[in-house]
Amino acid sequence: MNNQFDSEKKIFIIPSRKKKEFLERIEKDLNEEQRKVVLEADGPSLVIAGPGSGKTRTIVYRVGYLVALGYSPKNIMLLTFTNQAARHMINRTQALIRESIEEIWGGTFHHVGNRILRVYGKIIGINEQYNILDREDSLDLIDECLEELFPEENLGKGILGELFSYKVNTGKNWDEVLKIKAPQIIDKIEIVQKVFERYEKRKRELNVLDYDDLLFFWYRLLLESEKTRKILNDRFLYILVDEYQDTNWLQGEIIRLTREENKNILVVGDDAQSIYSFRGATIENILSFPEIFPGTRIFYLVFNYRSTPEIINLANEIIKRNTRQYFKEIKPVLKSGSKPKLVWVRDDEEEAQFVVEVIKELHKEGVKYKDIGVLFRSNYHSMAVQMELTLQGIPYEVRGGLRFFEQAHIKDMISLLKILFNPQDEISAQRFFKLFPGIGRAYAKKLSQVLKESKDFDKIFQMQFSGRTLEGLRILKNIWDKIKVIPVQNFSEILRVFFNEYYKDYLERNYPDFKDREKDVDQLILLSERYDDLEKFLSELTLYTYAGEKLLEEEEEEKDFVVLSTIHQAKGLEWHAVFILRLVQGDFPSYKSMDNIEEERRLFYVAVTRAKRELYVITYLTRKVKDMNVFTKPSIFLEELPYKELFEEWIVQREI
DNA sequence: ACACACATCGTTTTT
DNA sequence: CGATGTGTGT
């Protein structure tokens, strides 16, 4: 067997100077708690770390230390939960150990799952030419299944998608899943089950995997193939997992199975920052870790190097109100600063004006834009602030919201590459065919089925159509004849031809903002030129979400902009000054999460602990609903606090 | 049977 | 802004 992973377990003799140098750095850069983790976390190790306690730093140094000891980055797996965190960590590791860490297996669980399934998937019957469905694609397929089985049923695809995902990620049975996630439709359990089965079957037929499948089949692979399990156990000499409190049952199982023999597993987490239960995350994984891995060493990092005592004090007060909390208060190290501000404004418009005014003032005082973060519970909460920032010409970047890849025009362009990669992918094919005049839902479906059966694009031109549809097909044939002569490896050329010959006109015909969209497509084509492997390009586009970030870091020229981010995406980040928007009952906590108020509170805790020195929490009493001002209540998270002590209160009034 | 233009409505959080 | 629904035209 000529397996690409075999025979890579080489450990070579430590270049002692390198180790010595590294030990000196550890001595200089880390505190005693952190140092202990870096030097001693062999075997199963659990690090309980508060916000701002330097846990990323600790993990990064641990990896650096392992490399200094002579371990190859190839044999280290570094897992995190969000792309944001993954990027952060990998960049920092790179900066620390200067030599190439290209080969480190780092990234989100989904990334690594994808990488493994492309190699080993066939062992459990996965054709490695699969396409990955993003959320929208997967919901469309679910909708199709529902339509076929129960055309009269008025269940939404949204709720079904959520249930399916929860089921796969938690491994619970349907009864439990419905009781927990959707008790109101518990009588429809059979429908849900049937649609799920159909959905699973269809995905196999189309040779596509959704996000959850990337984890689920990874798990199945470990479970069912002893040989592969052994290979992967051997391959990864060290596994490190960040944000362990946000992992779910399925991810816990993956870790367990990958550590059956080699027990070098380091997980880092903070139960107070667990904010992903909606996708099945459970702190059970932290709590039961010592049982699953007997002999676990537990480390604590409790000193906070990020925030002023005033901010920490507020954070501790917030989290105290959760009954289900397991660990420590965090302890401030920095010297005293000013009290957090509690700001009363009239409505969202005034909120936006206030935020922007203060940003301008801070900037005048010398605070860089990039040291300012504006955080919110839901994406649409930031609309007013975005408008105001634009109006005032302040540079900003939005994290969260529509991802680059999820934009319609990007998905349109990519659908062509996806069907070239995998002609069975009816979802992408339908999307592609619908771009042509005279072809709508129904015809697109027919065409995609013909393509799937024959795997021969030219077959579709033998079909009989009339009128507008015939004309549309003529245009398609014209384009296709130009594209089919280009080798698939040359996919950036394919994109360029398709764009110039057709899609550019399509954009101008259909979107008033076509100029912006054309710019995006230009970016996409430029990005595609950096890849020589189509699979990698497609996978990374779908998995690495480029949320709001410039695709091609333009020469790293002093990027200085205010960051607007959901709290979820802000985890692990920090700013000198932080604004938290809409501490209004119903918005934050979100009215949809009233049954999980403790998690919402943890979210508030996460938001507060992003601030280093200045914190503005904004609340108000009215809100516009269709030109009417209706009354709202301040968030319960404020009312439950002794806020007169914790905050300095501000009331905003407009100059007349 | 099908495509398509237009209107209306409501928005959690992420891979 | 996008998803969804309705009405009209081929």
Side-chain angles (χ1 to χ4, degrees), chain A residues 79-86 107-114 132-140 143 154 156-158 161-162 165-166 168-169 209-216 243 246-248 250-251 274-281 375-383 386 399-403 405-408 411 433-434 436-446 465-472 509-513 539-547 565-571 582 586-596 599-600 602-603 606-607 625-626:
Chain A
L79 290 169
T80 63
F81 212 60
T82 59
N83 279 300
Q84 187 91 299
T108 62
F109 276 83
H110 294 84
H111 252 115
V112 176
N114 178 50
I132 302 171
L133 300 183
D134 69 3
R135 217 178 83 94
E136 192 193 6
D137 296 338
S138 122
L139 290 182
D140 285 348
D143 205 30
N154 58 358
K157 58 180 174 180
E162 240 174 82
S165 180
Y166 194 76
V168 174
N169 280 294
L209 300 189
D210 64 20
Y211 286 134
D212 301 323
D213 290 333
L214 294 174
L215 303 183
F216 184 67
E243 308 282 12
D246 286 329
T247 56
N248 54 40
L250 186 55
Q251 291 161 322
S274 164
I275 54 176
Y276 282 100
S277 75
F278 67 92
R279 86 189 199 193
L375 307 183
F376 36 86
R377 170 72 239 261
S378 309
N379 281 299
Y380 71 99
H381 291 167
S382 70
M383 294 318 292
Q386 282 188 50
R399 307 265 170 89
L402 248 205
R403 311 224 163 16
F405 171 75
E406 286 170 351
Q407 300 178 88
K411 290 192 66 169
F433 291 133
K434 270 197 283 190
F436 294 88
I439 302 175
R441 236 171 83 89
Y443 285 142
K445 189 163 180 177
K446 271 188 200 142
F465 290 103
S466 59
R468 289 186 305 193
T469 308
L470 191 65
E471 174 61 13
R509 265 182 283 134
N510 288 283
Y511 298 99
D513 63 340
S539 296
E540 288 205 6
L541 266 185
T542 318
L543 293 176
Y544 183 93
T545 47
Y546 298 99
S565 173
T566 60
I567 299 168
H568 282 88
Q569 294 230 357
K571 194 151 76 157
R582 294 230 193 171
D587 287 335
F588 191 9
S590 161
Y591 72 101
K592 291 212 171 183
S593 294
M594 290 308 176
D595 54 344
N596 196 353
E599 177 148 310
E600 294 285 301
R602 288 193 291 271
L603 213 42
V606 168
V625 178
K626 296 185 191 170

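Each chain gets a letter, A, B and so on, in the order the sequences are listed, and its residues count up from 1. For clarity, every value in this text was computed on a predicted model and none was experimentally measured.
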Hey, is the side chain of [X] poking within less than 4.0 Å of OP1 or OP2 on [N], counting only N and O atoms?
X: A/Asn379; N: B/dT11; value: no
X: A/Gln569; N: B/dT13; value: no
X: A/Tyr443; N: B/dA1; value: no
X: A/Lys571; N: B/dT14; value: no
X: A/Lys157; N: C/dA3; value: no
X: A/Thr469; N: B/dC2; value: no

Practice problem: Sugar-phosphate atoms are those with a prime plus P, OP1 and OP2; base atoms are the rest. Using that split, label each nucleotide of nucleotides 5-10 of chain C B, S or - for protein heavy atoms under 4.0 Å, 5' to 3'. | Solution: ----B-
Check whether any side-chain N or O of [X] sits under 3.5 Å from a backbone N or O of [Y] as a donor-acceptor pair, and report yes or no.
X: A/Asp210; Y: A/Arg135; answer: no
X: A/Thr469; Y: A/Gly438; answer: yes
X: A/Ser378; Y: A/His381; answer: no

Quiz item: Residues in salt bridge (Lys or Arg N to Asp or Glu O under 4.0 Å) with A/Asp143, at least two apart?
Solution: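 Partners of A/Asp143 under the salt bridge (Lys or Arg N to Asp or Glu O under 4.0 Å) test: none.
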Self-check item: 5'-most by nearest nucleotide on DNA chain B - A/Ser378 or A/Arg441
Solution: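 Closest to the 5' end, via its nearest nucleotide, is A/Arg441.
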Exercise. Find which nucleotide of DNA chain B each of A/Pro437 and A/Tyr591 is nearest to by heavy atoms, and output the residue with the more 5' nucleotide.
Key: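 Per heavy-atom nearest nucleotide, the more 5' residue is A/Pro437.
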Given atom [atom1] of [X] and atom [atom2] of [N], what is their separation to the nearest angstrom?
X: A/Lys434; N: B/dC2; atom1: NZ; atom2: P; answer: 14 Å
X: A/Leu139; N: C/dG2; atom1: CG; atom2: P; answer: 16 Å
X: A/Asp137; N: C/dG2; atom1: CG; atom2: P; answer: 15 Å
X: A/Asp210; N: B/dT15; atom1: CG; atom2: P; answer: 15 Å
X: A/Asp246; N: B/dT13; atom1: CG; atom2: C1'; answer: 11 Å
X: A/Ile275; N: B/dT14; atom1: CD1; atom2: C1'; answer: 10 Å
X: A/Lys592; N: B/dT11; atom1: NZ; atom2: C1'; answer: 8 Å
X: A/Glu406; N: B/dT15; atom1: CD; atom2: P; answer: 9 Å

Practice problem: Indicate whether A/Phe109 forms a stack on B/dT15; treat it as stacked only if centroid distance is below 5.5 angstrom and interplanar angle below 30 degrees. | Solution: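 No.
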Exercise. I would like to know whether A/Arg468 and A/Glu471 meet salt bridge (Lys or Arg N to Asp or Glu O under 4.0 Å); could you show each step before the answer?
Key: CA-CA 5 Å; A/Arg468 289 186 305 193; A/Glu471 174 61 13; over 6 Å; no
Self-check item: Partner residues of A/Phe376 under the ring-ring contact (aromatic ring centres under 6.0 Å, His included) criterion, sequence neighbours left out
Solution: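 A/Phe376 satisfies ring-ring contact (aromatic ring centres under 6.0 Å, His included) with no residue once adjacent residues are dropped.
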Quiz prompt | For A/Tyr276, ring-ring contact (aromatic ring centres under 6.0 Å, His included) partners two or more places apart | solution =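 Applying ring-ring contact (aromatic ring centres under 6.0 Å, His included) to A/Tyr276 gives A/Phe81, A/Phe278, A/His568.
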Quiz item: Which comes earlier along DNA chain C counting from the 5' end, the contact point of A/Asp143 or that of A/Asp513, where each point is its nearest nucleotide?
Solution: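 By nearest-heavy-atom nucleotide position, the 5'-most residue is A/Asp513.
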Under 4.0 Å, counting only non-hydrogen atoms across every strand here, what does [X] touch: a base, just sugar-phosphate, or nothing?
X: A/Leu603; answer: nothing
X: A/Lys446; answer: sugar-phosphate
X: A/Ser593; answer: base

From the list [options], which nucleotide is the closest neighbour of the side chain of [X]?
X: A/Arg135; options: B/dT12, B/dT15, B/dC4; answer: B/dT15
X: A/His568; options: B/dC2, B/dT14, B/dC4; answer: B/dT14
X: A/Thr108; options: B/dT12, B/dT15, B/dC2; answer: B/dT15
X: A/Glu136; options: B/dA3, B/dT12, C/dA3; answer: C/dA3

Quiz prompt | side-chain contact (heavy atoms from CB on, under 4.5 Å) partners for A/Lys434, two or more places apart | solution =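 For A/Lys434 the side-chain contact (heavy atoms from CB on, under 4.5 Å) partners, ignoring immediate neighbours, are A/Arg441, A/Ala444.
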Practice problem: Report the residues that fulfil side-chain contact (heavy atoms from CB on, under 4.5 Å) with A/Glu600, sequence neighbours left out, ordered by chain and then residue number. | Solution: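 Testing A/Glu600 for side-chain contact (heavy atoms from CB on, under 4.5 Å), a comparison that skips the adjacent residues, returns A/Arg377, A/Phe588, A/Pro589, A/Ser590, A/Ser593, A/Leu603, A/Phe637.
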